[in-house]
Amino acid sequence: MTKSYEQDIQKLNSIVKSITNIKVAFEKFSINDVSNFQNNELVQLCCTQILTNIYQDKKALDENIYNKLVELNKIELGKPRNIASHDYNSLDFSIIYGICKRLVKSIVLAEIYSVLAEIEEVSDD
């Protein structure tokens, strides 16, 4: 019996959607540097929630799938997520901006798409 990766596929697709939403927010609100980000509370709120969602989705992945996401795992999401959830007023939005910029790099999405393709291939067997 082969393992079902349905939940992992769902979580990975959710992460892709979240990263895409960061890109859209940055484009729509012309966020091209940290000062633009720090001056736009709406984008700050949006991105902070998205980072929390990505963290939760990533945590829910099967350990083997999680370990394949080397580039994504290099990005520290846990500490900002905890601060956002428990002490929002002390968030350093330059850190949130930096995390967002790292997430939207094509290497992160390419890695996720590669893992998705691998899972879907195994699931089809």
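Just so you know, these numbers use all the heavy atoms, side chains as well, and skip hydrogens, waters and symmetry mates.
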| field | Side-chain H-bond candidate by donor/acceptor type, Gln49 with Asn53, under 3.5 Å | value | yes
| query | Is there a side-chain contact between Asp62 and Gln7 (heavy atoms, below 4.5 Å)? | reply | no
| Separation of Asp8 CG from Glu63 CD (nearest 0.5 Å) | 11.5 Å
| note | The side chain to side chain contact (heavy atoms under 4.5 Å, CB included) partner of Leu12 among Asp57, Leu72, Leu69 is Leu69
| task | Check for a donor-acceptor pair, side chain of Ser114 on one end and backbone N or O of Ala110 on the other, with a separation under 3.5 Å. | result | no
| task | For residues Gln38 and Gln44, report the shortest heavy-atom separation together with the two atoms involved. | result | O-NE2, 2.8 Å
| query | Between the side chain of Glu71 and the main-chain N/O of Ile107, is any donor-acceptor distance below 3.5 Å? | reply | no
| Pro80 to Ile99 - nearest heavy-atom pair and separation | CG-CD1, 3.4 Å
| query | How many angstroms lie between SG in Cys100 and CD1 in Ile75, if you round to the nearest 0.5 Å? | reply | 9.5 Å
| said: A side-chain contact here means heavy atoms from C-beta on lying under 4.5 Å apart; do Leu109 and Lys23 qualify? | reply: yes
| Approximate separation, where rounding is to 0.5 Å, of Asn13 CG and Tyr113 OH | 8.0 Å
| query | Rounded to the nearest 0.5 Å, how far does CD of Glu6 lie from CD of Glu120? | reply | 11.5 Å
| request: Examine Val24 and Phe26 and state if one hydrophobic cluster contains both, with Ile, Leu, Val, Met, Phe, Trp and Tyr joined whenever side-chain heavy atoms are less than 4.5 Å apart. | output: no
| query | Parallel, tilted or perpendicular: which fits the ring planes of Phe37 and Tyr97, with parallel below 30° and perpendicular above 60°? | reply | tilted
| remark: Distance col, row Gln56:CD vs Ser18:OG, nearest 0.5 angstrom, shows 11.5 Å
| task | Any chance you could measure Ile31, atom CD1, to Asn39, atom CG, to the nearest 0.5 Å? | result | 8.5 Å
| Cluster overlap Val70 with Leu103, hydrophobic side-chain contacts below 4.5 Å | no
| request: Could you check if a side-chain atom of Tyr5 sits within less than 4.5 angstrom of a side-chain atom of Ile65, using non-hydrogen atoms only? | output: yes
| said: Any heavy-atom pair between the side chains of Phe93 and Thr48 that's under 4.5 Å? | reply: yes
